[in-house]
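Shown next, in structure tokens, is the structure this report addresses.
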Amino acid sequence: MGQEDDMMMSMAMRKGPWTEQEDVQLVSFVNMFGDRRWDFIAKVSGLKRSGKSCRLRWVNYLHPGLKRGKMTPQEERRILELHSKWGNRWSRIAAKLPGRTDNEIKNYWRTHMRKRHKNRKEPYLHLHRSQIHLLTHQYILAIILSIQCK
DNA sequence: AACCATCTCAACCGCGATATT
DNA sequence: AAATATCGCGGTTGAGATGGT
């Protein structure tokens, strides 16, 4: 039954950016039913979105207590520190940064990798992301400092 | 002004993990 | 026990923003 259902559903599903109206609707249904039963909320709210999409919108944007705006220097340092320790364990890192999401931190990290790649052409820059955790904490901090002093 | 390159970030996808029936 | 449904993670994409010539 799973396959046919997926096909039936995906035909009618909306994709792309959320509208304000959709946000309002999602928030009210999450307030009623909690932030766990996403497929149920998707169906019962009348939103033409998958449960997955609803969850993502909530955790990354609508969830109260989300910090907005640029990372503070403290947060930047924490990300580097934890990434050097754990690698691309974004949700684990996010758990240590109140108000920040895994998606946000992942984006932040990528942006910095790009900068580094553009500004210099050192061999380590060509490592696959999965290998980055091999770098030491101190090494990464030194690189970031050099960018900030540029 | 008009174009192309590069960046950013919200949202998507696949898939393994976890929950439910 | 096992099949099916749902969730959550990490990698990736692409439209719009921004920057450079």
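Excluded from the calculations below are hydrogen atoms, water molecules and symmetry mates; all remaining heavy atoms, backbone and side chain alike, are included. Every chain is numbered from 1 and lettered A, B, ... according to where its sequence line falls, protein lines coming before strand lines.
Side-chain nitrogen and oxygen atoms of A/R110 include none within less than 4.0 Å of the OP1 or OP2 phosphate oxygen of B/dC9. Using a 4.0 Å cut-off, no side-chain N or O of A/T111 falls inside it from OP1 or OP2 of B/dC7. OP1 or OP2 of B/dA11 lies within a sub-4.0 Å distance of a side-chain N or O belonging to A/R57. For the pair A/S91 and C/dC9, the criterion of a side-chain N or O lying under 4.0 Å from OP1 or OP2 is met.
Nearest heavy-atom pair, A/T101 versus A/A94, reported as atom, atom and distance to 0.1 Å: C-CB, 3.7 Å.
Within the hydrophobic cluster formed by Ile, Leu, Val, Met, Phe, Trp and Tyr side chains joined at under 4.5 Å, directly or through other members, A/F29 is accompanied by A/W18, A/L26, A/V27, A/V30, A/M32, A/F33, A/W38, A/F40, A/I41, A/V44, A/L47, A/W58, A/V59, A/Y61, A/L62.
Taking CD of A/E22 as the reference point, atom CZ of A/R14 lies at 4.0 Å (rounded to 0.5 Å). Atom-to-atom distance recorded for A/E76:CD and A/M71:CE is 8.0 Å, nearest 0.5 angstrom. Remark: A/L56 CG to A/N103 CG distance equals 6.5 Å, nearest 0.5 Å. The line from CZ of A/R78 to CD1 of A/I93 is 10.0 Å long, rounded to the nearest 0.5 Å. Taking CZ of A/R55 as the reference point, atom NZ of A/K52 lies at 9.5 Å (rounded to 0.5 Å).
Rounded to an integer number of Å, the gap from A/R100 CZ to B/dC9 C1' is 13 Å. Rounded to whole Å, atom P of B/dA10 lies 17 Å from atom CH2 of A/W58. For the pair A/W109 CH2 and C/dT12 P, the computed distance is 16 Å after rounding to whole Å. Per the geometry, OH belonging to A/Y108 stands 15 Å off C1' belonging to B/dC7, to the nearest Å. A straight line from CZ of A/F40 to P of B/dT20 spans 14 Å, rounded to a whole angstrom. If you measure from atom CZ of A/R55 to atom P of B/dA10, you get 16 Å, rounded to the nearest angstrom.
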| task | Please test A/K70 against A/E75 for side-chain contact (heavy atoms from CB on, under 4.5 Å), starting from the C-alpha separation and ending with a verdict. | result | CA-CA 9 Å; A/K70 278 178 51 187; A/E75 287 174 320; over 6 Å; no
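Residue A/D39 has its side chain nearest to C/dC7 when only C/dT12, B/dT8, C/dC7 are considered. With C/dT6, B/dT8, C/dG8 as the candidates, the nucleotide lying closest to the side chain of A/W38 is C/dG8.
Between the side chain of A/N60 and the base of B/dA11, no donor-acceptor pair of N or O atoms lies under 3.5 Å.
Taking the six-membered ring for Trp and thresholds of 30 and 60 degrees, A/W109 and A/H83 have nearly parallel ring planes, at less than 30 degrees apart.
Partner assigned to B/dA1 is none, using Watson-Crick or G-U wobble distances below 3.5 angstrom.
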| Which letters describe nucleotides 12-18 of chain B, given B = protein heavy atom under 4.0 Å from base, S = only from sugar-phosphate, - = neither? | BSBB---
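Base contact: A/N107 has a heavy atom under 4.0 Å from a base atom.
Residues from residues 61-73 of chain A that place a heavy atom under 4.0 Å from any atom of DNA chain B: there are none.
One N or O on the side chain of A/Q25 and one on the backbone of A/S45 form a donor-acceptor pair closer than 3.5 Å.
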